[in-house]
Novice: 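My structure is below; once you've seen it, I'll send some questions.
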Amino acid sequence: MVQLCIATRDGQFVARYSEKGLAELDFPPLDRGRRGNESQTSLPGKPNEGSPLRQPIPAKIRDWHRATEAALQSILAGREPKKFPPLDAAGTAFQQSVWRELRKIPLGRTKSYGEVARQIGKPKAVRAIGGACGANPIPVLIPCHRVLAAHGKIGGFGGGLDWKRKLLGREGIEFQT
DNA sequence: CATCAAAAACTCC
DNA sequence: GGAGTTTTTGATG
């Protein structure tokens, strides 16, 4: 499992890769009220030079990482990425089907928990859908933030509602309070 | 290991 | 406001 960082204007994300693809993506801490990063400033230049970080990054992971970084930056800027890295999100069969469904939501569009529930053939599992979304290890690329509660209500968000509001705003999506 | 109980990013009446 | 559904997770025997 390899871990790499992605610096964006919204902070530093952390991406983790398995042998099969991107496995996890973490939000940087979002402290509201303050603009931009603060103590996050890792020294630019060569990362991890001199630190006990063994095992060089395989070439294929560097490729994936480039794709991840570009895709992430695109979405944060409100543009549909042209390319995605292979995803290797681990989860139950139910969760995988939910995540598959989420990836079909185009940027700038939304879907309700109820709609997702119907589309995976379990119309009454709306509540469980919420759970699956919360378990999503790769936010942003798997657009769990594009799932709203019924009537365009914001619903909840694992990484903090501020992130959800921000992401939706970047995509030009309107929602209720 | 099999079971049970509780909680959850929901919906609908 | 409250009950109904499904899935996951952690405790219990």
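Since this is a predicted model, take the numbers as computed values, not measurements.
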Novice: Measuring from atom CZ of A:R127 to atom OH of A:Y113, what distance do you get when rounded to the nearest 0.5 angstrom?
Specialist: 11.5 Å
Novice: Between A:F27 and A:F13, how do the two ring planes meet: parallel, tilted or perpendicular, split at 30° and 60°?
Specialist: tilted
Novice: How many angstroms lie between CZ in A:R79 and CZ in A:R170, if you round to the nearest 0.5 Å?
Specialist: 11.5 Å
Novice: CD of A:E19: more than 12 outside heavy atoms within 6.0 angstrom?
Specialist: no
Novice: Testing the 3.5 Å rule here: is there a donor-acceptor pair between the side chains of A:Q119 and A:K111?
Specialist: yes
Novice: Quick one: side chain to side chain donor-acceptor pair (under 3.5 Å) partners of A:S18, sequence neighbours excluded?
Specialist: A:D88
Novice: What's the separation between atom CD in A:Q73 and atom OG1 in A:T68, rounded to the nearest 0.5 Å?
Specialist: 11.0 Å
Novice: Salt bridge check: are A:E171 and A:R146 linked by an N-O gap of less than 4.0 Å?
Specialist: yes
Novice: Does A:L4 reach the side chain of A:R16, with side-chain heavy atoms less than 4.5 Å apart?
Specialist: no
Novice: For A:D63, is there an ion pair with A:K60 - N to carboxylate O distance below 4.0 angstrom?
Specialist: no
Novice: When rounded to the nearest 0.5 angstrom, what distance separates CD in A:E174 from OG1 in A:T110?
Specialist: 11.0 Å
Novice: Give the stems involving DNA chain C, where a stem is 3 or more consecutive Watson-Crick or G-U wobble pairs (i with j, i+1 with j-1, and so on) under 3.5 Å.
Specialist: B:1-8 with C:6-13, B:10-13 with C:1-4
Novice: Could you list the residues that satisfy salt bridge (charged side-chain N to carboxylate O under 4.0 Å, His left out) with A:E69, not counting sequence neighbours?
Specialist: none
Novice: At under 4.0 Å between heavy atoms, which parts of nucleotides 7-13 of chain B does protein reach? Answer with one letter per nucleotide, 5' to 3': B base, S sugar-phosphate only, - none.
Specialist: -BBBS--
Novice: Scan residues 89-101 of chain A against DNA chain B and write down, sorted by residue number, each residue with any heavy atom closer than 4.0 Å; if none is found, say none.
Specialist: none
Novice: Identify the 5'-most and 3'-most nucleotides of DNA chain C with at least one atom closer than 4.0 Å to a non-hydrogen atom of chain A.
Specialist: C:dG4 to C:dT8
